[in-house]
**Q** 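My questions all concern the structure below.
Worth saying up front: this structure is predicted, and the values here are computed from it rather than measured. Every number for a ligand or one of its atoms is a count from 1 in the order of the listing. Only this structure's heavy atoms are used, side chains among them; waters, hydrogens and symmetry mates stay out.
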Amino acid sequence: MIEVKNLTKTYGNHDALCGVSFKIANGKIYGLLGPNGAGKSTTMNIMTGCLAPTSGTVRINGFDIYEQAIEAKRLIGYLPEQPPLYEDMTPEEYLMFVAEAKGVHPELAVRQVREVMGLTQITDMKDRLIRNLSKGCRQRVGIAQAMLGNPEVIILDEPTVGLDPKQLVEVREMIRKLGESRTVIVSSHILSEVSELCDELLVISRGKLIAQGTLEELEAMTGHTDTLHLTVRGDEEGVMEVLRSIVDVSDCKTSCSQDTVSVTLDIPRDKDVRDNIFFAMADRRYAVVAMEIEHKSLENVFLTLTEDASGERADEDDDNTDSGEEELA
Ligand code: ADP
Ligand code: MG
């Protein structure tokens with residue numbers, strides 16, 4: 001189990017993390033989700049002992065990542081956002097080097113390197129220079145090095161950024177396989193990316209953890225409401241009076257143009273009020289010219305969660321999907 005308690009990280013006068021706490025249970029795939037600059041890499045760097053927090057603690061199976069660094073780090077494999085791959089080495093040389101650095105016994109190392117190369121499907125390219133590999137293959141080499149030493153927890157920082165669609169599917173599939181036998185934590189700024197892969201999500205925005213739970217739990221957190229868009233031909237006062245008799249209009253937005261009134265309001269998801277509205281308007285000879293219910297999409301849920309915390313949109317994307325480099329078969 002991982003226990004992160006009250007992490008803060010301050011750069012100058014900028015708080016990258018302000019009191020992040022959460023627990024991670026064994027054997028699940030977790031998604032650390034948040035817009036760019038939210039603090040995902042900072043959190044992961046601190047959790048893996050690569051960066052010192054300003055305050056707070058991280059315990060991996062009870063071992064403090066700083067006080068008992070050797071025991072704690074042995075339990076974690078980490079693929080940072082910028083994997084430290086040595087371009088002039090071949091994947092096999094590099095993995096042997098990492099195994100040695102992790103203290104894997106030399107005889108065991110040969111076998112382990114062979115195993116992780118098999119699992120990440122890089123055996124075919126084990127003798128090529130890393131500099132000549134595609135982004136997808138490099139990412140697999142990065143995941144392979146995280147697996148060396150057989151850690152219980154694998155932490156991957158935005159492992160799918162910059163991959164083309166085919167590589168994306170392959171890497172995602174590999175992460176899913178990893179999750180069958182250990183705890184995996186993956187970060188991403190794309191909700192759909194983690195929502196289908198992860199059992200549980202941790203949503204972070206502006207250095208604060210704003211939600212943790214399954215996708216269903218997060219959807220419930222943002223309220224059991226849908227949005228109703230209604231346009232009626234009639235006078236505003238009369239139309240609102242009819243509406244008021246059916247739904248709560250305290251939080252609605254209205255706009256009028258010529259002889260129509262347009263209203264947008266939140267309505268309970270479990271009750272379809274459209275028939276009532278239609279007939280009540282007709283009784284008063286107001287014509288309903290448009291009526292539509294908008295269900296909150298996944299992306300909306302994420303935006304609502306992160307907007308509430310930051311007051312700005314969550315999709316300031318600097319995604320660079322460089323799929324230009326061809327993989328040599
Ligand atoms: P994410 O991985 O979610 O995109 P980061 O953890 O990289 O976010 O960054 C969180 C915040 O901390 C950002 O505002 C970023 O600019 C800031 N930050 C990260 N690293 C440094 C650093 N070395 N010096 C100053 N500010 C930093
Ligand atoms: Mg990052």
**Q** Report the member of Gly37, Ser41, Ala16, Gly34 with the shortest heavy-atom distance to atom 2 (O) of ligand 1.
**A**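 Going through Gly37, Ser41, Ala16, Gly34 one by one, Ser41 has the nearest heavy atom to atom 2 (O) of ligand 1.
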
**Q** How far is atom 18 (N) of ligand 1 from its nearest protein heavy atom, and which residue and atom is that?
**A**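 The closest heavy atom on the protein side is Tyr11 CE1, 3.4 Å.
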
**Q** Look only at interatomic distance and state if Lys40 has a nitrogen or oxygen under 3.5 Å from any nitrogen or oxygen of ligand 1.
**A**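 So ligand 1 has an N or O lying under 3.5 Å from an N or O of Lys40.
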
**Q** Glu71 and side-chain contact (heavy atoms from CB on, under 4.5 Å): which single residue from Glu67, Lys73, Gln68 fits?
**A**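 Of Glu67, Lys73, Gln68, side-chain contact (heavy atoms from CB on, under 4.5 Å) with Glu71 is met by Gln68 alone.
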
**Q** Look at Lys23 together with Glu200 and state whether they make a salt bridge at an N to O cut-off of under 4.0 Å.
**A**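 Between Glu200 and Lys23 there is no salt bridge, as every charged N stays at least 4.0 Å from the carboxylate O atoms.
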
**Q** Taking 4.0 angstrom as the limit and counting only heavy atoms of Asn36, give me the atoms of ligand 1 inside it, by number and element.
**A**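 Answer, ordered by atom number: 4 (O).
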
**Q** Inspect the contact between Glu170 and Lys166 and indicate whether a charged nitrogen and a carboxylate oxygen are less than 4.0 angstrom apart.
**A**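 The answer is yes: the pair qualifies as a salt bridge.
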
**Q** Taking non-hydrogen atoms only, is His14 closer than 4.0 angstrom to ligand 1 via side chain, backbone, both or neither?
**A**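 It is the side chain that touches ligand 1; the backbone stays farther off.
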
**Q** Only heavy atoms of Thr42, strictly under 4.0 Å: list the atoms of ligand 1 that pass.
**A**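 The list of qualifying atoms is 5 (P), 6 (O), 9 (O), 10 (C).
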
**Q** Might you point out which heavy atoms bring Ala38 and Ser205 nearest each other, and give the distance in Å?
**A**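 Shortest heavy-atom contact: CB-CA, 4.0 Å.
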
**Q** Does any N, O or S atom of Ser187, backbone or side chain, fall under 2.8 Å from the Mg ion (ligand 2)?
**A**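 No N, O or S atom of Ser187 is closer than 2.8 Å to the Mg ion (ligand 2), so no.
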
**Q** Can you name the atoms of ligand 1, numbered from 1 with element, that are less than 4.0 Å from a heavy atom of Ala38?
**A**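 Those atoms are 1 (P), 3 (O), 8 (O).
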
**Q** Establish, from distance only, whether the side-chain atoms of Asn61 and Glu152 form a donor-acceptor pair under 3.5 Å.
**A**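 Indeed, the side chains of Asn61 and Glu152 share at least one donor-acceptor pair under 3.5 Å.
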
**Q** Mark whether atom 14 (O) of ligand 1 lies under 4.0 angstrom from at least one protein heavy atom.
**A**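 Given the 4.0 Å cut-off, atom 14 (O) of ligand 1 counts as touching protein heavy atoms.
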
**Q** Is the shortest side-chain N to carboxylate O distance from Glu196 to Arg172 below 4.0 Å?
**A**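 Arg172 and Glu196: salt-bridged.
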
